[in-house]
Amino acid sequence: MTKSLLEEVMTVSLRRGILYPTAEIYGGLAGFYDFGPIGTRIRNNLIRLWRTRFVENRDNVFEVSGNTLLPSPVFEASGHLDHFTDPSASCSKGHITRIDQLIEERLKIPAEGKRNDELEAIVREKKLRCPVCGDPLGEVTSFGLMFGTSVGGERRQAFLRPETAQNIFLGFKRVQTAMRAKLPFGVAQIGRSYRNEISPRQSIVRVREFGQMEIEYFVDPDQLDECPLFEELAPIPLNFVTREAQEKAAKQSATDFTSIQISVQEAFEKKYVPNQWMACILGDEVEFFKLLGIPDQAIRFRHMRPEETPHYSGGNFDLEVNLSFGWKEVIGNAYRRDHDLKSHMKGSQKDLSYDLEGAKVIPHVLEPSFGIDRLIYAILEHTYRPQDKTRGWNWFQLPPQLAPYHGVVLPLLNRSELEERATTLYSVCRGQGLDVLYDASGRIGRRYARADEIGIPKAVTIDPQSLEDQTATIRYRDTGDQTRHLISEIPNLLKLQHDFSSFFRLSPKP
RNA sequence: GCGCUGUUGGUCUAGUGGCUAGGACUCCAGCCUGCCACGCUGGGUGCCCGGGUUCAAAUCCCGGACAGCGCACCA
């Protein structure tokens, strides 16, 4: 049986310290993975790129870092407590009971597949009570998506957040006033979220603890079609799957959807998306993806069908990446209208409106939410170069900005003069803030292979000629070609020589 | 959560109810080596966990964990 691409990528990842199961020596825990030293470097680089483009390069985006554990009322207000998956009810003392299990156990009737209101009717009819204390049971809600715990001596109920977004809404007023932020502005957050998935799958694509990079853009509802990025992003092409295309595919029992290519401008003007802001967010992501090593044709935006979209949404558009096991959501883009701020105003009894020249406005929210782990998997799969016949080993063609090291310094031969010269260069590079490795173990080809396998873009080799004329060779991972340079120029040549112009160009001042 | 399949050094794998569980690659040390893992020598690490059957279990049985796939789920 041949290995799937996923299994192959995972094998390399395990061997080279990219990632491995959490608590592996105890048999692991389904849906949890740790990043190893190489994976952490890649992850940090991805986060750095994201922050550079979407936060630091923008004048009006503010980054926060929220806690992962939040008190229960937050999720009562957000609606998460009503949308869990396992039906449960709590009594007046706060004991939580799985209602489907209680019914099956006590009444010996099947409860599977019944809706919450049906289960609640059974509870009322049969007068089921809390099995712990005997108190009456409250409303039946679905439970299980969120990891719950209790806090402090008073055992206050709390949950690990299922999305980073909530902290942003909770802190909206603080951020807005502290930063004296004017609409439109964004609040970004990079952090971890938790969902107790019934069945984690596909390595780090569906996990129970995952990283998210999110922004909530707060926009005056009257200015949703006046995005300051529009002029820059208007020509960007988008692969787009309309709802009509999905209906058509369903009717024909097709296995895939047909996508169309439209520009950001068309997406807005022809109303493929609800507003200009959403069109720009999608274009912004296409530009970002150019740096990740995932080809354009492997990404598309899918307009989520109504049944996949919450009632309050003004339209959700997933960025999906074509992976070996199908198209997978890597970014969720949601137009949440004023749902979140309104819900928390109601839940907290605090005013979260924005003072717009004396008039109270509840900003509308547009939310691009990146799944870090999925994105890393997508990058690994798309940059993996297996069965390379010319070089004889598998490698990752990681973009230089994501590669775990800028380069590796190698003495061609294990002679002390060469090693001295090489370690000196290594130290100089490190002193200049470069991430470089030194490797003198084994023959040169083996060391090139080791470097390739974790995607190091350049290898510098000190050879006997280096001692005569102070030069060294740079071998390029992607081609295997070599060029010779003065050693004094090597550190600069290892620094990223990438065209960042489009990356840094955007600098709107709304 | 249900079902199918699987789990042997770091990785990939051979294997049988019974001597010190074999190989390949990687890794480490040394030698060699004027540029792409395939020169030499030496070395290290392993039968997923628990229970059962048995004189004897890595092997058979049961349960669990984990993984891949399918279904369901993924507000």
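So that the names make sense, note that chain A is the first sequence line, chain B the second, and so on, each numbered from 1.
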Quiz prompt | Nearest-angstrom distance, C1' atom, B:rA29 to B:rC66 | solution = 36 Å
Quiz item: Considering Watson-Crick and G-U wobble pairs with both distances under 3.5 Å, what does B:rA14 pair with?
Solution: none
Quiz item: For A:L14 and B:rC25, what is the distance between atoms CG and P respectively, to the nearest whole Å?
Solution: 21 Å
Self-check item: A:S441 side-chain N/O to B:rC28 phosphate OP1/OP2 under 4.0 Å
Solution: yes
Quiz item: So what does A:T11 touch, heavy atoms closer than 4.0 Å: a base, only the sugar-phosphate, or nothing?
Solution: sugar-phosphate
Exercise. Among B:rC35, B:rA72, B:rG70, find the nucleotide with the atom closest to the side chain of A:T461.
Key: B:rC35
Exercise. Determine whether any donor atom in the side chain of A:E197 lies under 3.5 Å from an acceptor atom in the base of B:rC74, or the reverse, and answer yes or no.
Key: no
Quiz item: When rounded to the nearest Å, what value does the distance between C1' atoms of B:rU16 and B:rC60 take?
Solution: 13 Å
Quiz item: If you measure from the C1' atom in B:rC12 to the same atom in B:rC71, how many Å do you get, rounded?
Solution: 31 Å
Practice problem: Could you tell me whether A:E329 contacts a base, only the sugar-phosphate backbone, or nothing, with contacts defined as non-hydrogen atoms closer than 4.0 Å? | Solution: nothing
Exercise. Would you indicate what A:R443 reaches in the nucleic acid, counting non-hydrogen atoms under 4.0 angstrom: base, sugar-phosphate, or nothing?
Key: base
Quiz item: When rounded to the nearest Å, what value does the distance between C1' atoms of B:rG68 and B:rU54 take?
Solution: 34 Å
Quiz item: Which nucleotide, B:rG34, B:rG1, B:rC35, lies nearest any side-chain atom of A:L413?
Solution: B:rG34
Quiz item: What is the distance from CD of A:E8 to P of B:rU13, rounded to the nearest Å?
Solution: 11 Å
Quiz prompt | Nucleotide opposite B:rC71 in a Watson-Crick or G-U pair, distances under 3.5 Å | solution = B:rG1
Self-check item: Nearest-nucleotide pick for A:R484, side chain only, options being B:rC35, B:rA37, B:rC32
Solution: B:rC35
Exercise. Indicate, with a heavy-atom threshold strictly under 4.0 Å, whether A:T473 touches base, sugar-phosphate, or nothing.
Key: base
Exercise. Would you kindly check whether a donor in the side chain of A:R446 faces an acceptor in the base of B:rC35, or vice versa, at under 3.5 angstrom?
Key: no
Quiz item: Do any side-chain nitrogens or oxygens of A:R16 fall under 4.0 Å of OP1 or OP2 in B:rU26?
Solution: no
Practice problem: Return the nearest nucleotide to the side chain of A:S199; candidates are B:rC69, B:rC32, B:rG1. | Solution: B:rG1
Self-check item: d(CD1, A:I444; C1', B:rC32) in whole Å
Solution: 15 Å
Quiz item: To the nearest 0.5 Å, how far apart are CH2 in A:W277 and CG in A:L224?
Solution: 9.5 Å
Exercise. Give the rounded distance in Å between these two atoms: CE of A:M10 and P of B:rU7.
Key: 18 Å
Self-check item: Lys/Arg-Asp/Glu bridge criterion (N-O < 4.0 Å) met for A:R484, A:D463
Solution: yes
Self-check item: Worked verdict on A:I190 versus A:I372 for side-chain contact (heavy atoms from CB on, under 4.5 Å)
Solution: CA-CA 9 Å; A:I190 299 164; A:I372 295 177; 4.1 Å; yes
Practice problem: Name the nucleic acid region contacted by A:E163, choosing base, sugar-phosphate or nothing; use a 4.0 angstrom heavy-atom cut-off, strictly under. | Solution: base
Exercise. Sort out the partner of B:rG6 for me: Watson-Crick or G-U wobble, both distances under 3.5 Å, none otherwise.
Key: B:rC66
Quiz item: Which is true for A:L410 with a 4.0 Å heavy-atom rule: it touches a base, it touches only sugar-phosphate, or it touches nothing?
Solution: nothing
Quiz item: Rounding to the closest angstrom, what is the interatomic distance between B:rC25 and B:rC62 at atom P?
Solution: 38 Å
Quiz item: Nearest of B:rC36, B:rA75, B:rC28 to any side-chain atom of A:L145?
Solution: B:rA75
Quiz item: Hey, which of these two, A:A449 or A:Y33, hits RNA chain B nearer its 5' end, going by closest nucleotide?
Solution: A:A449
Quiz item: Heavy-atom count around A:N67 CG within 6.0 Å, excluding the residue itself: above 12?
Solution: no
Quiz item: Quick one: A:H80 NE2 to B:rC74 P, roughly how many Å, whole number?
Solution: 13 Å
Self-check item: Along RNA chain B (nearest heavy atom to each residue), the more 5'-positioned of A:L412 and A:E24
Solution: A:E24
Quiz prompt | Salt-bridge present (A:E381, A:K328; N to O < 4.0 Å) | solution = no
Self-check item: A:E209 bridged to A:R192 by N-O distance under 4.0 Å
Solution: yes
Quiz item: Is there a donor and acceptor pair, one atom on the side chain of A:Y448 and one on the base of B:rC35, closer than 3.5 Å?
Solution: yes
Quiz item: What does B:rC60 pair with, Watson-Crick or G-U, if both distances are under 3.5 Å?
Solution: B:rG52
Self-check item: Between C1' of B:rC71 and CD of A:Q202, the distance in whole Å
Solution: 14 Å
Exercise. Could you tell me whether A:R447 contacts a base, only the sugar-phosphate backbone, or nothing, with contacts defined as non-hydrogen atoms closer than 4.0 Å?
Key: nothing
Quiz item: If the C1' atom of B:rU11 is compared with that of B:rG70, how far apart are they to the nearest Å?
Solution: 28 Å
Quiz item: Considering only side-chain heavy atoms of A:N414, which listed nucleotide, B:rA75, B:rA67, B:rU33, is closest?
Solution: B:rU33
Quiz item: Does A:D452 come within less than 4.0 Å of A:R475, counting only side-chain N to carboxylate O?
Solution: yes
Quiz item: So which nucleotide from B:rC2, B:rU33, B:rC36 ends up closest to the side chain of A:Q482?
Solution: B:rC36
Quiz item: How many Å lie between OH on A:Y312 and P on B:rA75, as a whole number?
Solution: 10 Å
Practice problem: Would you name the heavy atoms of A:F75 and A:P162 that are closest together and state the gap between them? | Solution: CE2-CD, 3.4 Å
Quiz prompt | Between B:rA65 and B:rU53 - P atom distance, rounded Å | solution = 23 Å
Quiz item: Is a side-chain donor-acceptor pair under 3.5 Å present for A:S488 with A:Q470?
Solution: no
Quiz item: If we call it a pair only when both distances are under 3.5 Å in a Watson-Crick or G-U wobble match, what pairs with B:rU33?
Solution: none
Quiz item: If the C1' atom of B:rA67 is compared with that of B:rC28, how far apart are they to the nearest Å?
Solution: 30 Å
Exercise. For A:G31, report the nucleic acid contact type (base, sugar-phosphate, nothing); a contact means any heavy atom under 4.0 Å.
Key: sugar-phosphate
Quiz item: In whole angstroms, how far is the C1' atom of B:rC74 from the CH2 atom of A:W327?
Solution: 20 Å
Exercise. Would you classify A:D452 as touching base, sugar-phosphate or nothing, given that sugar-phosphate means primed atoms plus P, OP1 and OP2, and contacts are heavy atoms under 4.0 Å?
Key: nothing
